[in-house]
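Notes follow once the structure below has been shown.
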Amino acid sequence: MISRQTLREEPERVRDALDAKGVDDVELDEILEIYDEWRDLKAEGDDLRHERNEVSREIGELKRDGKEEEAQEAIDRSSELKERLEAVEDRADELEAELEERMMRIPMLPDDDVPRGADESENVERRREGFDDLRDLPDEVTPHYDLGEELDILDFERGAKVSGGGYYFAKGEGARLEHALIQFFLETHREQGYTDVFPPIPVNSKSMEGTGQFPKFTEDAYRLEGSHDEPYDDDDLWLLPTAEVPVTNLHRDEILLDDDLPLKYQAYSPNFRQEAGEHGTETRGIVRVHQFNKVELVNFVRPEESEERFEGLVSEAESVLQALGLPYRILEMCTGDLGFTQAKKYDIEVWAPGDDMADGPEQGGRWLEVSSVSNFREFQARRAGIQYRPEQHESAEYLHTLNGSGVAVPRVVVAILEYYQNADGTVDVPEALQPYMGGQEVIEGQEPVGESAVGDE
RNA sequence: GCCAGGAUGGCCGAACGGUAAGGCGCACGCCUGGAAAGCGUGUUCCCUUCCGGGAUUCUGGGUUCAAAUCCCAGUCCUGGCGCCA
């Protein structure tokens with residue numbers, strides 16, 4: 001959430017940010033009007049309340065002195081004030097609630113240095129890594145979904161049977177690969193100073209608001225109780241769409257000490273997304289699924305440190321791809337492609353050579369977003385009430401939060417199955433990963449189980 | 001799930017219908033050769049250019065001229081009982 005002060009003092013900057021982000025469902029002028037009207041009523045209410053407090057004090061004194069008649073007069077006056085006060089304050093409360101609700105829908109203002117652009121086509125590629133010394137690839141790289149089924153390490157049909165479309169089983173070496181990647185990521189980031197957190201998987205609505213998923217993006221979340229169309233309460237539960245939600249909300253409504261900062265947490269968790277509105281895109285494979293594993297990095301920092309930490313977070317996130325020897329690129333989001341909550345964001349996209357896409361690199365294949373590193377500045381902190389006290393005797397201020405995926409597991413599996421693929425249909429295990437796979441060097445797959453596998457080859 | 005007790009500032013803790021004591025911590029000042037002790041001031045949020053004002057005893061309702069205090073509902077914590085990977 002942006003501050004009221006920003007809204008009041010720099011409305012034009014807010015208007016410009018709305019324009020830069022392509023947000024057109026915020027009526028800024030109406031919000032400013034509501035704000036003005038509320039402030040007038042608040043002043044009026046404060047005056048009335050002041051009067052009532054004085055009369056009340058008087059009543060106490062008169063009663064104590066046994067002056068019953070005079071006390072009764074004062075009580076009558078107080079009753080009258082009470083009525084006027086109620087009318088004014090009820091209206092003021094309504095307006096403030098309205099103001100609060102509207103402000104929750106104003107997006108974070110982009111940083112000044114973020115390239116201005118309308119949509120993803122205007123994102124800026126910052127650099128490309130790992131393309132200088134590429135492996136020898138088979139003439140025809142088999143896409144991960146075909147290879148995964150041939151090796152019987154990915155099973156989409158049974159995923160659909162058991163849970164529905166968009167779910168998959170990882171089996172045998174496929175499952176081991178996911179476990180290994182998770183452990184490898186955690187170990188790497190632990191060495192970078194991260195504290196492990198294993199969060200609750202269901203999170204309440206309040207948490208979803210704290211990180212900015214709600215109230216705008218309820219569509220994409222899995223609701224645990226109640227139907228999707230019903231209004232929700234603060235304590236209704238949802239399956240987390242990213243560990244960013246529980247981990248950032250870990251310190252919701254808290255005041256941290258200056259000495260606590262910076263705080264670096266990492267969390268492995270499954271992530272659940274309805275992917276509403278994505279039907280028809282990415283129906284094959286594990287690039288876009290309803291449940292996927294991810295290791296998330298979350299930082300809480302002093303405001304003046306967030307820009308530097310952002311750069312640090314990018315290198316921490318990309319370090320795992322480097323270690324795995326996977327080629328990737330770093331993309332800076334333009335204003336139009338920044339999310340609701342972000343002031344600045346870089347995507348890390350790994351190269352998956354299996355499917356040629358129009359916007360892929362000249363070597364063929366496609367880019368896959370595996371990590372998204374964002375600086376929210378005080379946007380989430382303000383929503384979630386996360387503060388720190390620079391000096392013990394001073395008032396608390398909002399800290400800055402940042403996060404980065406470190407990284408999405410299935411998409412890395414895609415990149416490994418395609419980039420480390422051999423001509424004979426086996427897949428090399430990247431060297432850095434071998435210790436986490438019991439020393440295994442090659443994935444050879446397994447024989448499928450069951451009647452349905454017989455006779456169709 | 002049931003029963004009982006509890007929730008007051010950064011921390012501890014009083015007040016139990018009349019408008020939130022006190023202590024600790026922290027900051028600044030006085031004092032001191034310097035420090036300690038001592039003394040003084042300050043130490044939540046909102047509105048206001050200023051002066052000032054309002055709110056705030058877990059949350060939300062209610063009773064009352066007036067609620068930390070009484071009533072109702074909820075959340076969390078502690079203890080006991082029950083259930084249970």
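No experiment lies behind these values; they were computed from the predicted model shown. Below, each value reflects all heavy atoms present in this structure, side chains not excepted, and no hydrogens, waters or symmetry copies. Within every chain, numbering begins at 1; the chains are lettered A, B, ... in the order of the sequence lines, protein sequences first and strands thereafter.
Distance check on atom C1': A21(B) versus G33(B) gives 40 Å, rounded to whole Å. G62(B) and A67(B) are spaced 11 Å apart, taking the C1' atom of each and rounding to whole Å. The same atom, P, is picked in C11(B) and in C26(B); the two are 15 Å apart, to the nearest Å. Here, G6(B) and C50(B) have their P atoms 45 Å apart, quoted to the whole Å. When the C1' atom is compared between C2(B) and C46(B), the two are found 43 Å apart, to the nearest whole Å. Rounded to whole Å, the P atom of U44(B) lies 15 Å from the corresponding atom of A27(B). Taking atom P on both nucleotides, C83(B) is separated from A73(B) by 28 Å, rounded to a whole Å. When the P atom is compared between A35(B) and C30(B), the two are found 11 Å apart, to the nearest whole Å.
In this structure C81(B) sits in a base pair with G1(B), meeting the Watson-Crick or G-U test at under 3.5 Å. Pair check for C50(B) finds none; no Watson-Crick or G-U wobble contact set falls under 3.5 Å. With a cut-off of 3.5 Å on both pairing distances, the Watson-Crick or G-U wobble partner of U75(B) is A7(B). Within the shown strands, nothing qualifies as a pairing partner of A14(B) under the Watson-Crick or G-U definition with both distances less than 3.5 Å.
Between Ser395(A) and C45(B) there is a side-chain N or O to OP1 or OP2 distance below 4.0 Å. For G54(B), neither phosphate oxygen OP1 nor OP2 lies less than 4.0 angstrom from any side-chain nitrogen or oxygen of Arg49(A). OP1 and OP2 of C65(B) both lie 4.0 Å or more from every side-chain N or O belonging to Arg52(A). Phosphate proximity of C47(B) to Tyr35(A): present, with a side-chain N or O under 4.0 Å from OP1 or OP2. Remark: Asn53(A) is not in phosphate contact with A66(B), judged by side-chain N or O atoms under 4.0 Å from OP1 or OP2. For A66(B), one of the phosphate oxygens OP1 or OP2 lies less than 4.0 angstrom from a side-chain nitrogen or oxygen of Lys82(A).
Taking 4.0 Å as the cut-off between side-chain N and carboxylate O, Glu30(A) and Arg102(A) count as a salt-bridged pair. Ionic pairing of Lys42(A) and Glu89(A) is not present here: no N-O contact between side-chain nitrogen and carboxylate oxygen is shorter than 4.0 angstrom.
Under the 30°/60° scheme for interplanar angles, the aromatic rings of Tyr436(A) and Phe184(A) are found to stand perpendicular.
As rounded to whole Å, 14 Å separates atom C1' of A66(B) from atom CG of Asp76(A). Arg252(A) has its CZ atom 13 Å from the C1' atom of C76(B), to the nearest Å. The CD-P distance, from Glu397(A) to C46(B), rounds to 12 Å in whole Å. Asp234(A) places its CG atom 11 Å from the C1' atom of U59(B), with the value rounded to the nearest Å.
For Phe379(A) and Phe340(A), the gap between ring centers is short of 6.0 Å.
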- Query: Going through the checks in order, is the side-chain contact (heavy atoms from CB on, under 4.5 Å) test met by Ser78(A) and Arg52(A)?
  - Reply: CA-CA 6 Å; Ser78(A) 180; Arg52(A) 199 196 65 158; 3.9 Å; yes

